[in-house]
Participant: 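Pasting in a structure now, in structure tokens, and then I'll have a few things to ask.
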Amino acid sequence: MTGILDIGSNTIRLVVYENWKKIKERSFRSDIIKNTYNNILSEIGIDNLCDYINLLVSDIENTAIYAIATAAVRTLSNKDEVKEKILNKTGIEIDILSGEEEAECVFLGMINEIKENSGICVDLGGGSIECIEFEERRITFSKSYPLGCKKIKSEKELDCIEKGEVLGNLYMAGGTAKAAYKILRKAENVISTEEIEDILVILKELPEETLKKMLPDRYDTIITGLMIMKKLAQIYGKKEIYIVKNGVREGYLIKKEMM
């Protein structure tokens, strides 16, 4: 069995696979951004992170565990200190992915699920957005933007996103995309921009307590995330978004298998 621990801006998640089938998944809400001041994760924040990790792996046996951290950690001024303290307090060494490495892993994970030869892969996270264009199943352009659901304050910030001569569908991974799919309870994995607008109208009217029950991990980012999804579709000139289950975690494991 193989496990991957993913330290993100929204969640700290452990997923265990056996023969590439997901057999166990558990998570905690991430408080890294909440405990970050002047780009430095506080001692309380580091201690909390170590506690979460120890709880997640406490009863995991006979499993090789990889650990990755994305924008939540790589943007910290004290990321090396965080990495060292996690190793000392949990025995787990984390791989802090650069934006380029994260985009590569996102693509490897998503393309393994996508049948088409050309298109756009987007991973919408709490701390960053990875955008990858591909043709003949090879990357033609990729870039990571520090514009996740917990970072962005205005849609206009997304105007910096570059795009080439885009062909094919828009595919999206990440917790927000999966949450939108879950809300709609659709049989197929495609969501239209009109459906996103409809969801937004409904969610904006709901009290916070109701949102917490519906989406305990994302109640405070789902509305911003859906607005980002809609804006990205507009940028790429698409009216539909195809939701993909695989992403950075699966891509990282694939990359390890290739090495």
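Values below: all heavy atoms of this structure, side chains included; hydrogens, waters and symmetry mates excluded. Quick caveat: nothing in here was measured; it's all calculated off a predicted structure.
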Participant: Got a salt bridge between Asp47 and Lys85, using NZ or NE/NH1/NH2 to carboxylate O under 4.0 Å?
Facilitator: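 No, no charged N to carboxylate O under 4.0 Å.
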
Participant: Are the charged groups of Glu113 and Lys245 less than 4.0 angstrom apart, N to O?
Facilitator: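 Here Glu113 does not pair with Lys245 in a salt bridge, since their nearest N and O are not under 4.0 Å apart.
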
Participant: Using modelled atom types only, decide if a donor and an acceptor are shared between the side chain of Ser30 and the backbone of Gly8 within a distance under 3.5 Å.
Facilitator: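 Looks like yes, one N/O pair under 3.5 Å.
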
Participant: Spell out, as yes or no, whether a donor-acceptor pair under 3.5 Å connects the side chain of Arg26 to the backbone of Leu56.
Facilitator: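 It does hold such a pair.
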
Participant: Side chains of Asp6 and Ile12: does their closest heavy-atom pair fall under 4.5 Å?
Facilitator: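 Answer no - side chains too far apart.
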
Participant: Are any of the side-chain heavy atoms of Cys105 and Lys255 separated by less than 4.5 Å?
Facilitator: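 In contact.
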
Participant: Which salt bridge (Lys or Arg N to Asp or Glu O under 4.0 Å) pairs, counting each pair once, include a residue from residues 134-156, with sequence neighbours left out?
Facilitator: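 The answer is Lys143-Glu162.
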
Participant: Could you check whether any side-chain N or O of Thr90 sits under 3.5 Å from a backbone N or O of Ile92, counting only pairs where one atom can act as donor and the other as acceptor?
Facilitator: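 Yes, Thr90 side chain to Ile92 backbone: donor-acceptor pair under 3.5 Å.
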
Participant: For residues Tyr52 and Ile4: do they belong to one hydrophobic cluster (side chain heavy atoms under 4.5 Å, members Ile, Leu, Val, Met, Phe, Trp, Tyr)?
Facilitator: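 In one cluster: no.
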
Participant: Should Glu93 and Lys83 count as side-chain neighbours, where that means a heavy-atom distance under 4.5 Å?
Facilitator: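 The answer is yes; the side chains approach within 4.5 Å.
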
Participant: Which heavy atom of Leu253 sits nearest to which heavy atom of Tyr66, and what is that distance?
Facilitator: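 Heavy atoms of Leu253 and Tyr66 come nearest at CD2-CD1, 3.5 Å.
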
Participant: Please check this pair: side chain of Thr36 against backbone of Lys34, looking for a donor-acceptor N/O pair closer than 3.5 Å.
Facilitator: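 No, Thr36 side chain to Lys34 backbone: no donor-acceptor pair under 3.5 Å.
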
Participant: What I'd like to find out is whether the side chain of Ile241 reaches to under 4.5 Å of the side chain of Lys230, using heavy atoms alone.
Facilitator: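 Counting from C-beta outward, Ile241 and Lys230 never come under 4.5 Å.
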
Participant: Any carboxylate oxygen within less than 4.0 angstrom of a Lys/Arg side-chain nitrogen, looking at Lys212 and Glu208?
Facilitator: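 A salt bridge links Lys212 with Glu208.
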
Participant: Looking at Asp51 and Lys89, is any side-chain nitrogen of the basic one under 4.0 Å from a carboxylate oxygen of the acidic one?
Facilitator: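 So Lys89 does not pair with Asp51 through a salt bridge.
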
Participant: Do Val82 and Ile96 come within less than 4.5 Å of each other through their side chains, counting heavy atoms only?
Facilitator: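 When only atoms from C-beta onward are counted, Ile96 and Val82 do not touch, as no gap falls below 4.5 Å.
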
Participant: Give the table of side-chain donor-acceptor pairs shorter than 3.5 Å for residues 119-130, with sequence neighbours excluded, one pair per line with atom names and distance.
Facilitator:
residue	atom	partner	partner atom	Å
Ser128	OG	Arg74	NH2	3.4
Ser128	OG	Glu130	OE1	3.4
Ser128	OG	Glu130	OE2	2.9
Glu130	OE2	Ser144	OG	2.6

Participant: Would you check, one step at a time, whether the test side-chain contact (heavy atoms from CB on, under 4.5 Å) holds for Glu250 with Asn112?
Facilitator: CA-CA 9 Å; Glu250 291 78 10; Asn112 196 47; over 6 Å; no

Participant: Start with the C-alpha distance between Arg29 and Asp220, add both sets of side-chain angles, then the distance that settles salt bridge (Lys or Arg N to Asp or Glu O under 4.0 Å), and finish with yes or no.
Facilitator: CA-CA 11 Å; Arg29 273 177 58 85; Asp220 54 345; 3.1 Å; yes

Participant: Would you say the side-chain atoms of Asn189 pair up with the backbone N or O of Ile243, donor to acceptor, closer than 3.5 Å?
Facilitator: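 Yes, Asn189 side chain to Ile243 backbone: donor-acceptor pair under 3.5 Å.
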
Participant: Output yes when a side-chain donor or acceptor of Thr140 lies under 3.5 Å from a complementary backbone atom of Glu133, and no otherwise.
Facilitator: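 Side chain of Thr140 to backbone of Glu133, a donor-acceptor pair under 3.5 Å: yes, one is there.
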
Participant: Should Tyr145 and Cys160 count as side-chain neighbours, where that means a heavy-atom distance under 4.5 Å?
Facilitator: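 The answer is yes, as the side chains (C-beta and beyond) meet within the 4.5 Å cut-off.
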
Participant: Distance from Leu49 atom CG to Phe28 atom CZ, nearest 0.5 Å?
Facilitator: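 CZ of Phe28 is found 11.5 Å from CG of Leu49.
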
Participant: Would you mind reporting whether Tyr219 and Met214 have side-chain heavy atoms less than 4.5 Å apart?
Facilitator: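 Counting from C-beta outward, Met214 and Tyr219 never come under 4.5 Å.
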
Participant: Is a side-chain donor or acceptor of Glu84 paired with a backbone partner of Glu81 at a separation under 3.5 angstrom?
Facilitator: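 No, because the side chain of Glu84 does not come within donor-acceptor range (under 3.5 Å) of the backbone of Glu81.
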
Participant: Does the side chain of Tyr252 come within less than 4.5 Å of Leu97's, by heavy atoms?
Facilitator: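 SC-SC contact between Leu97 and Tyr252 confirmed.
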
